[in-house]
Amino acid sequence: MKKTVLVVDDNTNNLMLEKDLLDVAGFEVFVAENASIAIVIARKEKPDIIILDVRLPDMRGSEAARILRQDKETRDIPIIFVTASVMPEGREEIEGITNSRFIGKPINTRTFAKEVSQFIS
Amino acid sequence: METARTGQIFEDIIETIREPLLILDQDLRVVTVSRSFYEVFKVKPEETVGQLIYDLGNKQWDIPRLRDLLEKILPENDSFDDYEVEHDFTTIGKRTMLLNARQIERRMGKERIILLAIEDITERKKIEDGLEKTHEELKELTTELKRAVQVKSEFLANMSHELRTPLNSIIGFSEVLYDETFGPLKEKQRQYVNNVLTSGTHLLLLINQILDMAKVEAGKMKLVLSSLPMKSLLNEISLLVEDMVGKKKIKMLLEIAEDLPNIEADDLKVKEILYNLISNAVKFTPEGGKIGMRAKKADSEIEIVVWDTGVGIASENTDKIFEGFFRVDTPYSRLTEGTGLGLPLSKKLVELHGGKLSVESEGINRGTSVRFTLPIYIKEGGVI
């Protein structure tokens, strides 16, 4: 069975890049351009992992993550935050979200899919 | 007879006082005044003695606050200290005066006299006001400066974020293309896309270094301290430039003292400093030249010298190289090879550890030595 992943990013270029990299690596990929759609897809598809941009048009990625953590259907899905904020101030908001980690932009295309697979297990 | 003598003593006292002093009788008429009163307030003796104080100098002394003092306050208190009066005199302009008054009952007879000392504090006041104004201005300036630093720091954080987002696409897609993940490229295409990739990576390095510079300047760069095995660390760094060194047929020499101790420092930052300096040495040294690193213990510090036999630095440029983005065009270095921030950033990172960094060169084409120190133990709270 293919692993499933939900990629959430409002920048369509970045969304395409991450989707293609995960496609090639053998994932089944769902995409969303904002948090509301992402939450709907996450509840319906229950992906193995969620790749979440921190800055989204309708809410902060951290806020979306907290909503997902309150729902027992999505509570345990691992989340990787991908953000261009590398300043320590930018990371504070995602601290304390269980089962999550952080990857800074620009992503390393050669290791990205591997990092995602490793975080599922 | 007695009264006359007392009067003389009074006059003598008054004459010796440098400050303007008046003696008034109980009807507030001037009995006598000190010389300085005439000098400071430009009034004539013949228009003064025997006159009502308010009438002095063509009624210039008819000052409401003075009337308050002499007619209301003094009769009730017998004395008054440091009573400030400001008045615009027609002859001498606006003055600020400090009045001290004493009411003295004469033993003989029932009349009383009033001693009135007038200190002209106009100049002092001016200086004090000036100081206060300067102090206020300084305070405003400090607030403004703090705000500017804050704005700059926020601006840089935003800038970094905004630049990274498109860079993610530039670097990401060109990397995937170059790796031929979705099919083979023609040689020319591979070459072009590699140019996009290296330029994108260069831009990312620039952004990171500018951000680091700003962080150090804003005092926001924190050191993550651990014990660093310097001997192996120096070897490790030399391996990183081995390829570059081999390609240019440069000889690299490592002289590491036997007793070189471990130091307490930030691992990543020390590596960054060393890498910046040794890669500069490679960059600015022509084929067939030599570069090297020397490390030894010096008291409570270690001293590291990164040297080369390369292009050197003209004496007029030895300060400019720390300004950032300063680079001398040389036949050995292409523009894309460095950011121009490696050396200034390294200096700041050394200083952050409490060390010093300096550059020596005997001139053009005579090589360069960068010497820096790092303390073996970071002093508690001693880091800037």
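In what follows, chains carry the letters A, B, and so on, assigned in the order in which the sequence lines appear, proteins first and then strands, with residues in each chain numbered from 1. All figures in this text were calculated on a predicted structure; none of them were measured in a lab. FYI, side chains are in, hydrogens and waters are out, and symmetry mates aren't considered; it's all heavy atoms of this structure.
A 6.0 Å sphere centred on NZ of A/Lys3 holds no more than 12 heavy atoms belonging to other residues, nucleotides or ligands. Counting heavy-atom neighbours within 6.0 Å of A/Met16 CE, excluding the residue itself, gives a total of 12 or less. Other residues, nucleotides and ligands contribute over 12 non-hydrogen atoms within 6.0 Å of the CZ atom of B/Phe322. Shown here is B/Tyr377, whose OH atom has no more than 12 heavy atoms of other residues, nucleotides or ligands within 6.0 Å. Summarising the local packing, NZ of B/Lys356 is surrounded by 12 or fewer heavy atoms from other residues, nucleotides or ligands at distances under 6.0 Å.
The backbone N or O of A/Ile107 lies less than 3.5 Å from a partner atom in the side chain of B/Asn168, making a donor-acceptor pair.
Taking 4.5 Å as the limit, some side-chain heavy atom of A/Asn13 sits within range of a side-chain heavy atom of B/Phe173. Taking 4.5 Å as the limit, some side-chain heavy atom of A/Leu17 sits within range of a side-chain heavy atom of B/Val176.
Between atom CG of residue A/Asn108 and atom CD of residue B/Glu175 there is a gap of 5.5 Å, rounded to the nearest 0.5 Å. For the atom pair NZ (A/Lys105) and OG (B/Ser169), the distance works out to 8.5 Å, reported to the nearest 0.5 Å. Summarising the geometry, atom CZ belonging to A/Arg55 is positioned 7.0 Å from atom OG1 belonging to B/Thr165; distances are rounded to the nearest 0.5 Å.
When heavy atoms are compared at a cutoff of 4.5 Å, B/Thr181 approaches chain A solely by way of its side chain, counted from C-beta outward.
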